[in-house]
Protein chains: 2
Amino acid sequence: MGTTQLETVPEPKYWHLRTVLSEALDSEFAVGEVLPNERDLAARFGVARATLRQALEQLELEGRLQRRRGVGTTVAPPRIGVDVGPADDSWPGISDDTWHTDDCTDVTPPVPVVRLLATSPGAMVHAVRRTRFNHGQPVATELLYVPAATVPDAADSDDGATRGRSVLRELRQLQLEGQDRAVELGSAQADDARQLDRLPGAAVLVVTTRYFASGRTAAVGVSTYRADTCRLTFGESDPVALMAS
Amino acid sequence: MGTTQLETVPEPKYWHLRTVLSEALDSEFAVGEVLPNERDLAARFGVARATLRQALEQLELEGRLQRRRGVGTTVAPPRIGVDVGPADDSWPGISDDTWHTDDCTDVTPPVPVVRLLATSPGAMVHAVRRTRFNHGQPVATELLYVPAATVPDAADSDDGATRGRSVLRELRQLQLEGQDRAVELGSAQADDARQLDRLPGAAVLVVTTRYFASGRTAAVGVSTYRADTCRLTFGESDPVALMAS
DNA sequence: CAGTGGTCTAGACCACCCC
DNA sequence: GGGTGGTCTAGACCACTGA
């Protein structure tokens, strides 16, 4: 990549740097290739390391770069499209092996979830923790909140994962009447970050799903997707359009 | 909080700061209230200003804070939910006054859009630029790419906005056969940033919509939503569930 | 004008990975 | 080990806002 001069314009240096690097990535680097380290790059562009890092952070947020401590900065592959319904797999993860059930505990859900579930404050619900994999990499973690009233027959096994699967099995026996979703930006808490192989505070897309059954909100799922590597897709709203490549 | 780890893991200062500030926002501040300036806050917590800013950036990304140069840092209101279909308003913005048509030009669309439209590379298409408002504030900008073949009768007016409305009118006369969407994280380019009253590089949610008609992709919309203030909602997939508050 | 957040610098040390 | 990115500091100056 050429060491272009940074002319003095009203444009911030880090932003100009981002553009220059972005173009270099397009033309001179292959996916997976390792970039020079930050100190060298900063010297090459004649800026402080902090300024260079601002540009790299932008590019990482955009899914162009992947940085790993102790390893280096590499060119990221294009984002993977992960389907986030609403599709045929009405209940969460039915007929799908992309989700792995990790655990199930009984908790008092956070306030926003209580509002969606319309349970009484302080009431305990099942919380099934799952991880979604794609090409062997974890792309999302999820907490599925299921009031005990929704799944009266769920087994009370000792093993959390087994118990979680039992809750899910019960769920699928219900007639799903509808669902709705919301997507917003968040930052990964410590535990989510660890599961997603990211640092705390990493940008994530939070998908909140409400599942309706028996005329009320039967469950609420809060899924946390890596924002750098994922593009959330919402399937065709009409089956006609399946031909487009 | 009782559960201490066996070995106290060194949590980054900025992350701890984020947590402390977040709790303070919950308990001691009202929406719209102005925080102390960054230099004072940094001194109060005994950290460098850059470290404090890292914490503030997190909170701003999460939609908890709003910072404006020359003014100060204020407590942000809860995110507004903006509907992003697929709803009855099948074609973009039909029966909706939340969108304002700004302009219409003929361009050769960027490569990803060309791929979605399946037009020949280098072919010109109409590009309608619109802005979405919510409570008087701009929340999104959009570029709607419409191949000339889709809207043969669109007026060739001089005024860009009039021309854009003409293209949209033509669109709505077509039978919409379906649409699909994708959501991903991006950073605002200079012009989008200006329209959204943000700085370049601000985090945005990019919604890409394909509209299908006449057995092919009739239009592609690329909408850019402010990630700090918006929660994208996807309407009920079944009308049964309209009772939940 | 004074005060705010935004940008930038030149260092330092730490946590992690791999050889 | 030596090399990487991650955190942190203590300054400086700039761009913008509003009185």
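Numbers restart at 1 for each chain; the letters A, B, ... are given by sequence-line order, proteins then strands.
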For this session: Name the closest nucleotide to the A:Arg67 side chain, picking from D:dC8, C:dA10, D:dG5.
Result: D:dG5
Problem set entry | Rounded distance (Å) that lies between atom P of D:dG5 and atom CG of A:Leu41 | 8 Å
For this session: Nearest whole angstrom, please: distance from the C1' of D:dG3 to the CZ of A:Arg69.
Result: 14 Å
Exercise. Between A:Leu35 (CG) and D:dG5 (P), how many Å, whole number?
Worked result: 9 Å
Exercise. In whole Å, what is the span from the CG atom of A:Asp228 to the C1' atom of D:dG5?
Worked result: 15 Å
For this session: With heavy atoms under 4.0 Å as the rule, sort A:Arg53 into base, sugar-phosphate or nothing.
Result: base
Exercise. Any side-chain N or O of A:Asn37 under 4.0 Å from OP1/OP2 of D:dT4?
Worked result: yes
Seminar exercise, completed: Side-chain contact check for B:Gln54: nearest option of C:dA15, D:dT9, D:dT7 is D:dT7
For this session: Could you check how far CG of B:Leu59 sits from C1' of C:dG5, rounded to whole Å?
Result: 16 Å
For this session: Take atom CZ of B:Arg49 and atom C1' of D:dC14, then tell me their distance rounded to the nearest Å.
Result: 11 Å
Exercise. Where the side chain of B:Glu38 is defined as all heavy atoms beyond and including C-beta, which of D:dT4, C:dG5, C:dA12 is the nearest nucleotide?
Worked result: C:dG5
Problem set entry | Atom-pair distance (NZ on B:Lys13; C1' on D:dA10), nearest Å | 13 Å
For this session: Look at the side chain of B:Tyr14 and decide which nucleotide, out of D:dT7, D:dT9, C:dT9, has an atom nearest to it.
Result: D:dT7
Exercise. Do the rings of A:Phe133 and A:His100 sit parallel, tilted or perpendicular, given the 30° and 60° boundaries?
Worked result: perpendicular
For this session: Remember a base hit wins even if backbone is also touched, and classify B:Leu56 as base, sugar-phosphate or nothing at under 4.0 Å, heavy atoms.
Result: nothing
Seminar exercise, completed: Exactly one candidate in B:Leu168, B:Val222, B:Thr209 meets side chain to side chain contact (heavy atoms under 4.5 Å, CB included) with B:Leu144; the answer is B:Leu168
Seminar exercise, completed: 5'-most contact on DNA chain D (nearest-nucleotide basis), B:Thr51 vs B:Arg39, goes to B:Thr51
Problem set entry | Side-chain donor/acceptor of A:Thr51 to backbone N/O of A:Val47, under 3.5 Å | no
Exercise. When you measure from the side chain of A:Arg132 to the backbone N and O of A:Thr224, does any donor-acceptor pair fall under 3.5 Å?
Worked result: no
Problem set entry | Closest-nucleotide ordering on DNA chain C, the 5'-leading residue of B:Asp40 and B:Ala50 | B:Asp40
Exercise. Is there a donor-acceptor contact under 3.5 Å from the side chain of A:Arg79 to the main chain of B:Leu185?
Worked result: yes
For this session: Between D:dT4, C:dG5, D:dT17, spot the one nearest the side chain of B:Val71, thanks.
Result: D:dT17
For this session: Using atom CG of B:Leu17 as one end and atom C1' of D:dG6 as the other, report the distance to the nearest whole Å.
Result: 17 Å
Exercise. Counting any heavy atom closer than 4.0 Å, what does A:Arg68 reach on the DNA or RNA strands: base, sugar-phosphate only, or nothing?
Worked result: sugar-phosphate
